[in-house]
Amino acid sequence: MIQGIVFDLDDTLYKQQAPFASAINDLFPTFPESKMNALFIRFRYYSDLHYMKSITGEWSLAKMRYERIRLALADFDFVPSKSELETFQAAYDHALKTITLPSEISDSLTFLNQQDVPLGLITNGPVLRQKEKISALQLARWIAPEKMIISDAVGIQKPEPKIFSLMETRLKLAPESLLYIGDSFENDVIGAKAAGWSVWWFNHQNRKIPEGQSAIFEKEIKNFEDLKSLLTNQKSMPH
């Protein structure tokens, strides 16, 4: 029976495409709005693909951030100047300071708190950057700081099962009693299942299951409204 619920951060607890689109529109106003969602998905793809290079030191963090937007735009035959690409990260950082929780998420977290459900958060990323997002979203209202794990702070990255095991220790719960909710199939679904957890794939970007993988998750959820409905309905929890 599920006793505790742990969330991913980026594009799970808030809509990451909104600050991304804001930065793109500011810097590259001629980029087609109709292709914004597809561009964002490529941006996330390159971010996940090259993130480990910044961890191992093969690339600097600045180079990884530069390349992920350059490569994503190049997939759409959009080639801005080097200075424009270098400016993108600052514009994106600025936009991220304005992020807010969707009402469906804040309502769900409040409900889970009222039900005394243990909550946690596991996110990949640099400590300062992720802490800024956590602060902007005011997540400490619902999740205790010691139950929030940032990969760079502990030296373990999703999808490594060890980062999920660390959360088990902090929540004092067994893997079979934990549910993880995240948007990345590679990091969230594969990682949590490898650790023996139940998983809901929050696939609101309508991504395809990666080639060679199967539907190993318990549920696939396509929008914030359905996520709230499931989180506030105890009968929907895996047993």
To the nearest 0.5 angstrom, please state how far the [atom1] atom of [X] sits from the [atom2] atom of [Y].
| X | Y | atom1 | atom2 | answer |
| --- | --- | --- | --- | --- |
| Glu33 | Leu39 | CD | CG | 10.5 Å |
| Ser81 | Glu84 | OG | CD | 3.5 Å |
| Leu178 | Ser198 | CG | OG | 8.5 Å |
| Glu58 | Lys63 | CD | NZ | 9.0 Å |
| Ile5 | Ser177 | CD1 | OG | 11.0 Å |
| His204 | Asn223 | NE2 | CG | 10.0 Å |

Between [X] and [Y], which heavy-atom pair has the shortest distance, and what is it?
| X | Y | result |
| --- | --- | --- |
| Val199 | Ala192 | CG2-CB, 3.4 Å |
| Phe40 | Asp11 | CE2-OD2, 3.4 Å |
| Asp188 | Asp183 | OD2-N, 3.1 Å |
| Asn124 | Ser151 | CA-OG, 3.2 Å |
| Glu186 | Ile190 | O-CB, 3.4 Å |
| Ala194 | Pro161 | CB-CG, 3.9 Å |

Within-4.5 Å side-chain heavy-atom neighbours: [X] and [Y]:
| X | Y | result |
| --- | --- | --- |
| Leu166 | Ile149 | yes |
| Gln130 | Thr123 | yes |
| Lys147 | Leu171 | yes |
| Val6 | Leu179 | no |
| Met167 | Trp197 | yes |
| Tyr14 | Ile105 | no |
| Val189 | Ser184 | no |
| Leu119 | Leu109 | yes |

- Query: Out of curiosity, does Leu49 fall in the hydrophobic cluster containing Phe20 (side-chain heavy atoms, cut-off under 4.5 Å, transitive links)?
  - Reply: no
Would Phe111 end up clustered with Leu231 when hydrophobic side chains under 4.5 Å apart are linked, directly or stepwise?
yes
message: For a ring-ring contact (aromatic ring centres under 6.0 Å, His included) check, start with the C-alpha distance between Tyr46 and Tyr51, then their side-chain angles and the critical distance, and finish with the verdict.
response: CA-CA 8 Å; Tyr46 287 119; Tyr51 176 66; over 10 Å; no
>> What verdict does the side-chain contact (heavy atoms from CB on, under 4.5 Å) test give for Leu101 and Leu13, after you've listed the backbone C-alpha separation in whole Å, the side-chain angles of each residue and the deciding distance to 0.1 Å?
In response: CA-CA 6 Å; Leu101 287 178; Leu13 290 182; 4.2 Å; yes
Between [X] and [Y], is there a donor-acceptor pair closer than 3.5 Å when you use the side chain of the first and the backbone of the second?
| X | Y | value |
| --- | --- | --- |
| Thr12 | Leu9 | no |
| Asn113 | Trp142 | yes |
| Asn233 | Ser229 | no |
| Ser22 | Ala18 | no |
| Gln213 | Pro210 | no |
| Tyr45 | Arg68 | no |
| Thr56 | Met52 | yes |

Between [Y] and [X], is the closest basic N to carboxylate O distance under 4.0 Å?
| X | Y | answer |
| --- | --- | --- |
| Arg129 | Asp152 | no |
| Asp10 | Arg44 | no |
| Glu218 | Lys193 | yes |
| Arg70 | Glu67 | yes |

Sorted by chain and number, sequence neighbours left out, ring-ring contact (aromatic ring centres under 6.0 Å, His included) with His50 holds for Trp59
For Phe76, the ring-ring contact (aromatic ring centres under 6.0 Å, His included) test, sequence neighbours excluded, returns Phe31
Between side-chain atoms of residues 134-141 and protein atoms elsewhere (two or more places apart, or another chain), which donor-acceptor pairs fall under 3.5 Å?
none

>> Under 6.0 Å between ring centres: does that hold for Phe202 and Phe224?
In response: yes
| So, do Trp200 and Phe217 have ring centers that fall under 6.0 Å from each other? | no
Determine whether the side chains of Asn37 and Gln205 contain a donor N or O and an acceptor N or O closer than 3.5 Å. yes
Q) Can you find a side-chain donor-acceptor pair between Lys222 and Asn206 that sits under 3.5 Å? A) yes
_Heavy-atom count check: over 12 atoms from other residues, nucleotides or ligands less than 6.0 Å from Lys131 NZ?_
no
_Quick check on Lys15: does its NZ atom have over 12 non-hydrogen neighbours (other residues, nucleotides or ligands) under 6.0 Å away?_
no
Q) How far apart are the C-alpha atoms of Phe88 and Tyr66, what are their side-chain angles, what is the distance that settles it, and do they pass the side-chain contact (heavy atoms from CB on, under 4.5 Å) test? A) CA-CA 8 Å; Phe88 171 79; Tyr66 175 89; over 6 Å; no
Review point. Where do Ile221 and Asn203 land on the side-chain contact (heavy atoms from CB on, under 4.5 Å) test, with the steps shown first?
Key: CA-CA 6 Å; Ile221 304 162; Asn203 188 25; over 6 Å; no
Between Leu73 and Ile69, is a side-chain contact (heavy atoms from CB on, under 4.5 Å) present by the stated rule, with each step listed? CA-CA 6 Å; Leu73 287 168; Ile69 186 61; 3.9 Å; yes
